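Below is one structure, written out as structure tokens, with a few remarks after it.
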Number of protein chains: 2
Amino acid sequence: MKELQKYLNAISPIQDKTWDRIELLFSEKKLTKGAYFIEEGETAKQIGFLQSGIIRAFYRNNEGIEYNKHFFIQNNIIGGYSSLVTSMPNIIFQQALTDCVILVAQYAEITKLYDLCPDFERVGRKLAEFYFVEKEKREIEIVLLEADKRYLIFRKEYPQLEQLIPQYQIASYLGITPTQLSRIRRKFSER
Amino acid sequence: MKELQKYLNAISPIQDKTWDRIELLFSEKKLTKGAYFIEEGETAKQIGFLQSGIIRAFYRNNEGIEYNKHFFIQNNIIGGYSSLVTSMPNIIFQQALTDCVILVAQYAEITKLYDLCPDFERVGRKLAEFYFVEKEKREIEIVLLEADKRYLIFRKEYPQLEQLIPQYQIASYLGITPTQLSRIRRKFSER
DNA sequence: CAATTTCATTTACATATGTAAATAAAGCTA
DNA sequence: TAGCTTTATTTACATATGTAAATGAAATTG
């Protein structure tokens with residue numbers, strides 16, 4: 001719990017009594033490798049905080065081809081934001097790539113608390129803004145940079161991850177096939 | 001002004017007296033073709049509502065290569081959202097592709113009004129959420145679809161635009177060269 | 001209207017990436 | 001540990017896209 005408090009406080013300061021209320025909303029839950037935090041067809045209801053483990057957020061098209069939109073690592077908020085705010089079924093799913101421990105809260109409870117604690121609502125808004133900026137950056141990377149450059153950015157952004165998850169998950173994040181990632185890796189190791 | 005009121009009301013209802021205050025913040029401004037609403041290096045201060053004309057939002061990298069992130073058409077909000085919320089210099093610029101008439105307000109005045117009118121703040125929040133969802137959709141398109149499919153989506157999304165702006169602007173939106181767009185267009189017209 | 005500039009298309013070639021199948025390596029399980 | 005399954009790499013070929021330069025068409029301007 002301590003880590004969640006630290007995380008929220010770093011975004012925007014929250015009062016101690018606000019934290020007392022927040023704490024009550026979250027409870028610990030375990031996800032084993034391969035299990036889903038958000039599944040196909042569901043409408044998102046919960047929000048989480050990843051205490052340990054790795055989760056991927058991904059999209060799957062009609063032909064079953066998947067694209068990894070994002071990897072979540074320790075001490076980050078998880079949950080289907082678009083689905084939460086639109087109340088439409090998820091099109092982005094979230095799955096544990098390793099065993100995970102998460103803190104889970106009902107999103108409806110969170111928004112209720114927004115009404116009572118403006119300092120907490122500010123955290124929520126800033127978080128959304130931060131995600132927006134991140135997304136803008138990634139969109140530009142995807143269009144303007146080639147896969148080898150994006151691979152280097154991935155390694156910088158997630159230094160630990162490369163050892164922990166399969167190559168084909170990384171390829172999917174980069175928007176290329178495992179074949180192509182293999183070629184890129186060979187190219188870099190040859191020098 | 002009427003159109004702006006309609007636009008905001010459609011997102012979330014605003015009271016008449018709230019609208020009276022909003023109206024005071026906006027004033028009309030003209031942009032001639034080629035002029036910038038947001039320029040390089042600046043930090044965004046203003047927000048606008050496009051009454052007529054076309055504006056492109058684009059990114060330019062170190063080598064001067066540009067990527068059109070978005071086209072704004074009539075009756076849409078414009079402005080450098082990321083820069084407004086982070087107070088960092090713009091990395092996305094906005095330029096008129098045709099002569100434009102816009103309504104302009106100081107963003108600081110807008111946020112001040114949020115404090116007074118919760119119904120207006122709700123509009124702001126919903127708008128941000130809507131943008132977020134749009135972005136998620138576009139990210140998926142870019143990674144998962146090939147240029148010819150994205151071209152068809154562009155034509156559906158902006159039916160009028162193809163006649164009004166140069167092909168190379170469209171190519172830049174699709175993340176390809178004018179050469180490649182030309183090939184794609186030929187492919188479609190051959191059938 | 002002629003000249004100039006801007007834009008779109010085409011051409012030829014190079015490269016990045018995809019697909020499908022084979023092989024190699026690593027990890028898991030009975 | 002042996003055998004099975006999953007994952008990673010390699011190979012051969014096809015295709016999408018890029019680059020650079022030439023050409024053609026359209027728009028603009030003096």
Side-chain angles (χ1 to χ4, degrees), chain A residues 32-35 54 56 58-68 71 95-99 140-155 161-191, chain B residues 32-35 54 56 58-68 71 95-99 140-155 161-191:
Chain A
T32 50
K33 182 175 173 175
I54 300 165
R56 70 177 179 127
F58 69 102
Y59 171 83
R60 187 190 295 132
N61 72 5
N62 299 331
E63 289 111 49
I65 297 169
E66 294 180 357
Y67 158 60
N68 283 342
F71 295 118
Q95 181 188 31
L97 291 180
T98 66
D99 289 349
I140 292 167
E141 281 171 10
I142 291 171
V143 179
L144 245 42
L145 301 182
E146 279 168 7
D148 55 347
K149 304 268 183 13
R150 300 205 301 276
Y151 175 57
L152 294 178
I153 291 174
F154 162 81
R155 295 213 299 195
L161 231 58
E162 195 162 16
Q163 327 305 332
L164 295 176
I165 62 177
Q167 296 293 322
Y168 68 85
Q169 295 288 5
I170 298 172
S172 168
Y173 176 79
L174 298 174
I176 56 178
T177 56
T179 307
Q180 184 60 12
L181 178 54
S182 181
R183 284 192 278 239
I184 289 170
R185 284 159 55 83
R186 181 177 46 183
K187 194 183 74 179
F188 283 128
S189 68
E190 270 168 5
R191 305 199 179 144
Chain B
T32 50
K33 182 175 172 174
I54 300 165
R56 70 177 179 126
F58 69 102
Y59 171 83
R60 187 191 293 132
N61 73 4
N62 299 330
E63 291 111 48
I65 297 168
E66 294 180 357
Y67 159 60
N68 283 342
F71 295 117
Q95 182 189 30
L97 292 179
T98 66
D99 290 348
I140 292 166
E141 281 171 10
I142 291 171
V143 179
L144 245 42
L145 301 182
E146 277 167 9
D148 55 346
K149 304 264 183 14
R150 299 204 303 275
Y151 174 59
L152 294 177
I153 290 174
F154 162 81
R155 295 213 299 195
L161 231 58
E162 195 163 15
Q163 327 307 329
L164 295 176
I165 63 176
Q167 296 292 323
Y168 68 85
Q169 295 288 4
I170 298 170
S172 168
Y173 176 79
L174 298 174
I176 56 178
T177 56
T179 306
Q180 184 60 14
L181 177 54
S182 180
R183 284 193 279 239
I184 289 170
R185 284 159 57 82
R186 180 177 47 185
K187 194 183 76 179
F188 284 129
S189 68
E190 270 167 6
R191 304 190 182 151

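The shown structure was predicted, so the numbers you read here are calculated from the model rather than taken from an experiment. To find a chain, count down the sequence lines: A is the first, B the second, and so on, and within it residues start at 1.
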Helical stems, DNA chain C - three or more consecutive Watson-Crick or G-U wobble pairs below 3.5 Å: C:1-30 with D:1-30
Separation of A:Leu144 CG from B:Arg60 CZ (nearest 0.5 Å): 12.0 Å
Side chains of A:Glu162 and A:Tyr151, donor plus acceptor under 3.5 Å: yes
Heavy-atom pair of closest approach, residues B:Val143 and A:Gly175: CG1-CA, 3.7 Å
Those residues of residues 175-182 of chain A lying under 4.0 Å from DNA chain C by at least one heavy atom: A:Gly175, A:Ile176, A:Thr177, A:Thr179, A:Gln180
Distance, nearest 0.5 Å, that separates CG of B:Leu181 from CD1 of B:Ile176: 5.0 Å
Atom pair distance, as rounded to whole Å: CD1 in A:Ile165 and P in D:dT6: 19 Å
DNA chain C: 5'-most and 3'-most nucleotides touching chain A, 4.0 angstrom heavy-atom criterion: C:dA16 to C:dA20
Spacing of CZ belonging to A:Phe71 relative to OG belonging to A:Ser172, to within rounding of 0.5 Å: 7.0 Å
side-chain hydrogen bond (donor to acceptor under 3.5 Å, both in side chains) partners of A:Asn68, counting only residues at least two apart: A:Arg56, A:Gln169
Euclidean distance, atom OH of residue A:Tyr168 to atom P of D:dA8 [Å, nearest integer]: 7 Å
Any residue meeting side-chain contact (heavy atoms from CB on, under 4.5 Å) with A:Ile153, in chain and number order, not counting sequence neighbours: A:Glu141, A:Leu145, A:Glu157
Residues that B:Glu146 engages under side-chain hydrogen bond (donor to acceptor under 3.5 Å, both in side chains), provided they are two or more places apart: none
A:Gln169 CD - D:dA8 P separation (whole Å): 9 Å
Contacts of A:Gln167 that satisfy side-chain hydrogen bond (donor to acceptor under 3.5 Å, both in side chains) - sequence neighbours left out: A:Arg185
side-chain contact (heavy atoms from CB on, under 4.5 Å) partners for B:Asp99, two or more places apart: B:Thr32, B:Lys33
Given B:Tyr59, B:Phe154, B:Tyr67, B:Tyr168, the one that forms ring-ring contact (aromatic ring centres under 6.0 Å, His included) with B:Tyr173: B:Phe154
Residue list, ring-ring contact (aromatic ring centres under 6.0 Å, His included) with A:Phe58, at least two apart or on another chain: A:Phe93
Any residue of residues 143-152 of chain A with a heavy atom less than 4.0 Å from an atom of DNA chain D: none
Salt bridge (Lys or Arg N to Asp or Glu O under 4.0 Å) pairs, two or more places apart, involving residues 168-183 of chain A: none
Rounded distance in Å - CZ (B:Arg186) to P (D:dG24): 15 Å
Spatial distance of atom CG (A:Leu161) from atom CD1 (A:Ile54) [nearest 0.5 Å]: 4.5 Å
Sequence-aligned protein contact record of nucleotides 25-30 of chain D, with B where the base is within under 4.0 Å of a protein heavy atom and S where only the sugar-phosphate is: ------
B:Leu174 CG to B:Lys149 NZ distance, which is reported to the nearest 0.5 Å: 13.5 Å
